[in-house]
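Start at 1 and go down the list; that is how both ligands and their atoms are numbered. All values derive from a computational prediction rather than experimental measurement.
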Amino acid sequence: MADIDRVRELLHGASKVVVFTGAGVSAESGIPTFRDALTGLWSNYEAESLATEAGFTADPSLVWRWYASRRAAIRQCEPNAAYHAITRLQSRVDTTVVTQNVDGLHARAGAKDPIELHGNIVRARCFAGCGWRGDVDALEAVDPGVPPHCPRCDAHARPDVVWFGERLSEVAWARAEAACRAADVCLVIGTSGLVHPAAGLPALARSAGASIVVIGPEATRLDDIAEVVLRGRAGEVLPLLVS
Ligand code: BV8
Ligand code: ZN
């Protein structure tokens, strides 16, 4: 049986599915994957230095401008066929979407209640931790290059994403972990499997009995736990799985 038919059969027999996505699902929407995101203007910065509290403290304006440029690029993009197929899957079988992406495209494709493990780039929160959180648009400073201030305590506002060295939201993690423990099938789409603890979720699903399917154009760290690997782009493969 062809691999694609094997995966269709797995999905047909599943009562609970987890779809675990990474930056590769947004590639065909024109959003560079995380490792490519540092192209052009940002090519001489390491993501791991800009996407950190130390990076923001050292130069709030540089980091804020990096996020502002990513938000502007994302605003020009639309969810691609992979996102629409994932949303369709949710209407066929009990499917939890767990994403590492901060671009908000699952929600824009109508996905129900996507778990955004690394936050969302269109939201901001108080850098001093007073608890304020809101849309960046509601905050946008007069000069988009200068990080706006928290409307509650006047400290810097920061992007509401999880930076390297920061812990993930316990609520989001608990929801994602529970979904992986209950899953019959876990589709792992568009992720290199490099970033932890998120990349540990498919192995958790497998240890609880789920069949793991990895979908992407290149080898990933998660291929070795996959029952099936579908080599291809998400925008081509997903519509074949969820016609
Ligand atoms: C934490 C938000 C501690 C910000 C992001 C050494 C070993 C192991 C771990 C570590 C280590 N050193 C440090 C760590 C920990 C670190 C980590 O994992 N680092 C990695 C780089 C080694 N993790 C952390 O710091 C985490 N926090 O550990 O805190 C702690 C613990 C307890 C208490 C206190 C503190 C926080 C990690 C979260 C970082 N934030 N994003 C922002 O976006 O600005 S992660 C960032 O990378 C994005 O969210 C992105 O989604 C994510 C993961 O990358 P991928 O999604 O996989 O994207 P990538 O480009 O890698 O791959 C794309 C894939 O798509 C490729 O496979 C490609 O082939 C494929 N593809 C391409 N085109 C297509 C496609 N697939 C399908 N279709 C296509 N068309
Ligand atoms: Zn504040």
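Within ligand 1, the atoms closer than 4.0 Å to a non-hydrogen atom of Gly165 are 24 (C), 25 (O), 27 (N), 29 (O), 35 (C), numbered from 1 in the order shown. For ligand 1, the atoms closer than 4.0 angstrom to any heavy atom of Leu194 are 18 (O), 20 (C), 22 (C). Listed by atom number, the atoms of ligand 1 under 4.0 Å from Glu28 heavy atoms are 78 (N), 79 (C), 80 (N). In summary, the atoms of ligand 1 found under 4.0 Å from a heavy atom of Tyr67, numbered by their order in the structure, are 4 (C), 42 (C), 44 (O). Close approach to Arg233 involves these atoms of ligand 1, each under 4.0 Å from a residue heavy atom: 78 (N), 80 (N). Taking every non-hydrogen atom of Asn101 and a distance limit under 4.0 Å, the qualifying atoms of ligand 1 come out as 51 (O). Counting the atoms of ligand 1 from 1 in the order shown, those under 4.0 Å from a heavy atom of Val102 are 2 (C), 43 (O).
Considering backbone and side-chain N/O atoms, Gly216 never comes within less than 3.5 Å of an N/O atom of ligand 1. For ligand 1, the polar-atom distance check finds an N/O of Val162 within less than 3.5 Å of one of the ligand's N/O atoms. Some N or O of Glu218 is nearer than 3.5 Å to an N or O of ligand 1, by distance alone. No N or O atom of Arg167 sits closer than 3.5 Å to an N or O atom of ligand 1. Backbone and side-chain nitrogen or oxygen atoms of Val161 are examined, and none is located within less than 3.5 angstrom of a nitrogen or oxygen of ligand 1. Every N/O-N/O distance between Trp163 and ligand 1 stays at or above 3.5 Å. Below 3.5 Å of separation, one finds no N or O of Thr220 facing any N or O of ligand 1.
Evaluated by nearest non-hydrogen atom to atom 63 (C) of ligand 1, the leading choice among Ala27, Gly22, Pro159, Gly190 is Gly190. Between Glu236, His118, Arg70, it is Arg70 that holds the heavy atom closest to atom 43 (O) of ligand 1. Proximity annotation for atom 49 (O) of ligand 1: of His196, Arg221, Gln100, Gln100 comes nearest, heavy atoms only. Distances from atom 62 (O) of ligand 1 to the heavy atoms of Ala199, Ser192, Pro197 put Ser192 nearest.
Of all the heavy atoms of Thr191, the ones lying under 4.0 Å from any atom of ligand 1 are found in both the backbone and the side chain. When heavy-atom distances to ligand 1 are checked against a 4.0 Å cut-off, Glu166 comes that close only through its backbone atoms N, CA, C and O. Residue-level proximity to ligand 1 for Ala234 is carried by backbone and side chain together, each with a heavy atom below 4.0 angstrom.
The main-chain N or O of Val122 is found under 3.5 Å from a side-chain atom of Asn120 such that the two form a donor-acceptor pair. At distances below 3.5 Å, not a single donor-acceptor pair connects side-chain atoms of Thr52 with backbone N or O atoms of Phe164. Checked by atom type and distance alone, the side chain of Arg88 pairs as donor or acceptor with a backbone atom of Val242 at under 3.5 Å. When atom types are taken as modelled, the side chain of Thr95 and the backbone of Val93 share a donor-acceptor pair closer than 3.5 angstrom. Checked by atom type and distance alone, the side chain of Thr220 pairs as donor or acceptor with a backbone atom of Leu222 at under 3.5 Å. With hydrogens and angles disregarded, a donor-acceptor distance shorter than 3.5 Å links the side chain of His118 to the backbone of Gln100.
Tested against Ile121 for a side-chain contact (heavy atoms from CB on, under 4.5 Å), the candidates Val136, Ile74, Asn101 yield a single pass: Ile74.
Here the angle centred on the Zn ion (ligand 2), running from SG of Cys150 over to SG of Cys130, is 100°, rounded to 10°. Rounded to 10°, the angle that SG of Cys153 and SG of Cys126 form at the Zn ion (ligand 2) is 100°.
Crowding of Arg125 atom CZ: a count of heavy atoms from other residues, nucleotides or ligands under 6.0 Å exceeding 12.
Donor-acceptor pairing under 3.5 Å is lacking for the side chains of Asp94 and Ser15.
Using a 4.0 Å cut-off between a side-chain N of Lys or Arg and a carboxylate O of Asp or Glu, Glu78 and Arg108 qualify as a salt bridge. A salt bridge is absent between Arg6 and Asp3: the closest approach of a Lys/Arg side-chain nitrogen to an acidic carboxylate oxygen does not fall below 4.0 angstrom. Between Arg231 and Asp223 there is a salt bridge, since a side-chain N of the basic residue sits under 4.0 Å from a carboxylate O of the acidic one.
Linking ILVMFWY residues whenever their side-chain heavy atoms come closer than 4.5 Å, directly or via other members, leaves Val195 and Ile225 in distinct clusters.
Taking CG of Asp160 as the start and CD of Glu116 as the end, the distance is 9.5 Å to the nearest 0.5 Å.
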